[in-house]
Amino acid sequence: MARARVMPLVALCALAAFAVTGAQVVPLDSSKQVLDWSRQSNIKPQNFSLTEEDRLQLLGRPEEVTHRKLRERTRVKKKIEPVQQDDEALVKLENAGIERSKAVDSAVLGKYSIWRRENENEKADSKVRLMRDQMIMARIYSVLAKSRDKLDLYQDLLARLKESQRSLGEATADAELPKSASERAKAMGQLLAKARDQLYDCKAITQRLRAMLQSADEQVRSLKKQSTFLSQLAAKTIPNGIHCLSMRLTIDYYLLSPEKRKFPKSENLENPDLYHYALFSDNVLAASVVVNSTIMNAKEPEKHVFHLVTDKLNFGAMNMWFLLNPPGDATIHVENVDDFKWLNSSYCPVLKQLESAAMKEYYFKADRPKTLSAGSSNMKYRNPKYLSMLNHLRFYLPQVYPKLNKILFLDDDIVVQKDLTGLWEVDLNGNVNGAVETCGESFHRFDKYLNFSNPNIAQNFDPNACGWAYGMNMFDLEEWKKKDITGIYHKWQNMNENRLLWKLGTLPPGLLTFYKLTHPLDKSWHVLGLGYNPSIERSEIDNAAVVHYNGNMKPWLEIAMTKYRPYWTKYINYEHTYVRGCKISR
């Protein structure tokens, strides 16, 4: 057994060291234990002396002592930190719970329970919602009552259900309910409580609710298809007021002498130093809004020239309107598309295809759907606008205006809100078409419009290429001629005779024709969607140079979105003799 080294008592007390008895090490918890041990061991303090070697062996070298202290601090810190973090997390959760509880209107909790005999909700439709919930549960319990031969309860539920239906009617707010509604809701609540006591079965009620949900979902899908069909049908129609306007203007135009049918400033029509616009339309009122809004927001109206092309049916009306309502100091000229003799089926693939038997079969002799919902899928492709050359004339701009260098193409369902002359200063960087891109993260890209299962499309185009919008397009006619844009259009249109590359319309062939030849314009120039998207930000519309009612809900139709119509109607004079005479109203 090795002899224990003798240590001074002061050192033992300071270190709270260990008592060494032979080979056994005993921890000393206090100075009292150290003294007791020293007495038992017959050790006298005065006989102790601590050499440098002893001190180093007991305490270690200074760097070792420092390292040991750091280790101890780290160990203590690791024990404390989780506790602090848990406390902080708990405090945060408590504070968040307190804030949420402040935001909860405790007066509302429980008020939508259909078992309540009273409805105390302060919302304007709380009683209406309560009665609807009661009716849903009444239907469920009536089915359960009948299946379990509780016929008296079944008859009572049916009777209360009819009373609630009569009281509710078409009401959407509590103020529209009759005075008896409260009593009937109370009586229904009492009957439902009775039914619950006799019939409540969680599984059976869940099954009935699921069946009702599936039935409602099917009805919604059917109604959505019917709505799509009817909206597309409405989009194809011409309101009576606009038809009346066109007829009256046409009659009065042909009563004019030939010399009174001419527009002034014809010398401006081929002046390349002015701002030229191309507008192709068969809608007099829509065309008037485009022209009026452009001129009213132009800084130098006298430098603007409008080239308006319409069809034979509306040629007289369009001329008469702008003869009666000239666009201030601007220049305007109206042409008839049927007077373009060069635009014939031997030159234009679309005209040739429209004369084909297959196209006539598709448009006029194809089997018509027997139901509204069944006809919604292909209805939009049978829109008459696809048969009109006014829609395809945009691919022949250099032929129509051979002496112009640049021209701004406008659709007739747009409204101009700012001066557009800045577009003529935009550098297209050698491209032909300046347009606003419409693609987001995964929509309005090429694969939405084109058939990429066809090798002619798949091998030549990128399905993720960004789409762009017609409606407001700056065309460089010099670059157009150099790159033979019309020839490229003819090539793809000929290849699509059987509609295997895209469905009907002008945007798909436009995407192909101007592929990698389109310069993206800033989005504030052209904001789209006012004819289908109800969630466009007000600020986005107000900041736009041009707003576009693309979609079925045109501003001149009854199905137009009410909140967007004022942007269009503000440019119509409803006190005009012709407008008032045809009963066209806001």
Inset, instruction - Can you establish whether the number of heavy atoms outside M296 located under 6.0 Å from its atom CE is more than 12? - result: no

Legend entry - Reported CD1-to-CZ distance for the pair I572 and R565, which is rounded to 0.5 angstrom: 7.5 Å

Inset, instruction - Assess whether atom CG of N240 is packed by more than 12 heavy atoms of other residues, nucleotides or ligands within 6.0 Å. - result: no

Legend entry - Interatomic spacing from CG in N550 to CG in L530 - rounded to 0.5 Å: 8.0 Å

Legend entry - K299 atom NZ: more than 12 heavy-atom contacts under 6.0 Å: no

Legend entry - Neighbour count >12 (heavy atoms, 6.0 Å) for atom CD, E537: no

Legend entry - Minimal non-hydrogen separation, I584 against G241, with atom names: CD1-O, 3.5 Å

Inset, instruction - Could you tell me whether H490 and Y396 have their ring centroids closer than 6.0 angstrom? - result: yes

Legend entry - Modelled atom types, side-chain donor and acceptor of N460 and Y515, under 3.5 Å: no

Inset, instruction - Might you confirm whether atom NZ of K303 has over 12 heavy atoms from other residues, nucleotides or ligands at distances under 6.0 Å? - result: no

Inset, instruction - Specify whether H304 and F306 have parallel, tilted or perpendicular ring planes, treating 30° as the upper limit for parallel and 60° as the lower limit for perpendicular. - result: parallel

Legend entry - Min side-chain heavy-atom separation H519-V426 under 4.5 Å: yes

Legend entry - Heavy-atom side-chain proximity of L404 to F475 below 4.5 angstrom: no

Inset, instruction - Please tell me if the side chains of L521 and M472 come closer than 4.5 Å, counting only heavy atoms from C-beta onward. - result: yes

Inset, instruction - Would you sort out whether Y564 and V415 count as a side-chain contact (heavy atoms from CB on, under 4.5 Å), showing the intermediate values? - result: CA-CA 11 Å; Y564 295 149; V415 173; over 6 Å; no

Inset, instruction - Give a yes or no answer on whether the side chain of D412 reaches the backbone of A286 with a donor-acceptor pair at less than 3.5 Å. - result: no

Legend entry - From CA spacing to verdict: side-chain contact (heavy atoms from CB on, under 4.5 Å), W556, Y549: CA-CA 10 Å; W556 54 84; Y549 293 83; over 6 Å; no

Legend entry - Atom of C466, atom of T438 and distance for their closest heavy-atom approach: SG-N, 4.3 Å

Inset, instruction - Tell me, yes or no, whether the heavy-atom count around R208 atom CZ, taken from other residues, nucleotides or ligands under 6.0 Å, exceeds 12. - result: no

Inset, instruction - Please lay out, stage by stage, how D419 and E300 fare under the test side-chain contact (heavy atoms from CB on, under 4.5 Å). - result: CA-CA 9 Å; D419 181 73; E300 298 177 293; over 6 Å; no

Inset, instruction - To the nearest 0.5 Å, tell me how far L557 CG sits from I238 CD1. - result: 10.0 Å

Legend entry - Heavy atoms of other groups near K483 NZ, more than 12 under 6.0 Å: yes

Legend entry - Separation between CG of L393 and CG of D311, rounded to the nearest 0.5 Å: 11.5 Å

Legend entry - Test: R394 and D411 ion pair at under 4.0 Å: yes

Legend entry - Check: Y277 ring centre within less than 6.0 Å of W424 ring centre: yes

Inset, instruction - Indicate yes or no: at least one non-hydrogen side-chain atom of M495 is less than 4.5 angstrom from one of N456. - result: yes

Inset, instruction - Using a strict cut-off of less than 4.0 Å between a Lys/Arg side-chain nitrogen and an Asp/Glu carboxylate oxygen, indicate whether R221 and D217 qualify as a salt bridge. - result: yes

Legend entry - Residue among W480, F461, Y470 satisfying ring-ring contact (aromatic ring centres under 6.0 Å, His included) with F514: W480

Inset, instruction - Check the side chains of N543 and S524 for a donor-acceptor pair under 3.5 angstrom, ignoring hydrogens and angles. - result: no

Legend entry - Over 12 foreign heavy atoms within 6.0 Å of NZ, K481: yes

Inset, instruction - May I ask you to check whether H276 and Y401 place their ring centres under 6.0 Å from each other? - result: no

Inset, instruction - Could you give me the CA-CA distance, side-chain angles and deciding distance for V400 and H307, then say whether side-chain contact (heavy atoms from CB on, under 4.5 Å) is met? - result: CA-CA 10 Å; V400 181; H307 302 266; over 6 Å; no

Legend entry - Side chain T250, main chain S246, donor-acceptor under 3.5 Å: yes

Pairs under 3.5 angstrom only: tabulate donor-acceptor contacts from the side chains of residues 316-323 to other protein residues two or more places apart or in another chain.
unit_1: N319; atom_1: ND2; unit_2: F315; atom_2: O; d: 2.8

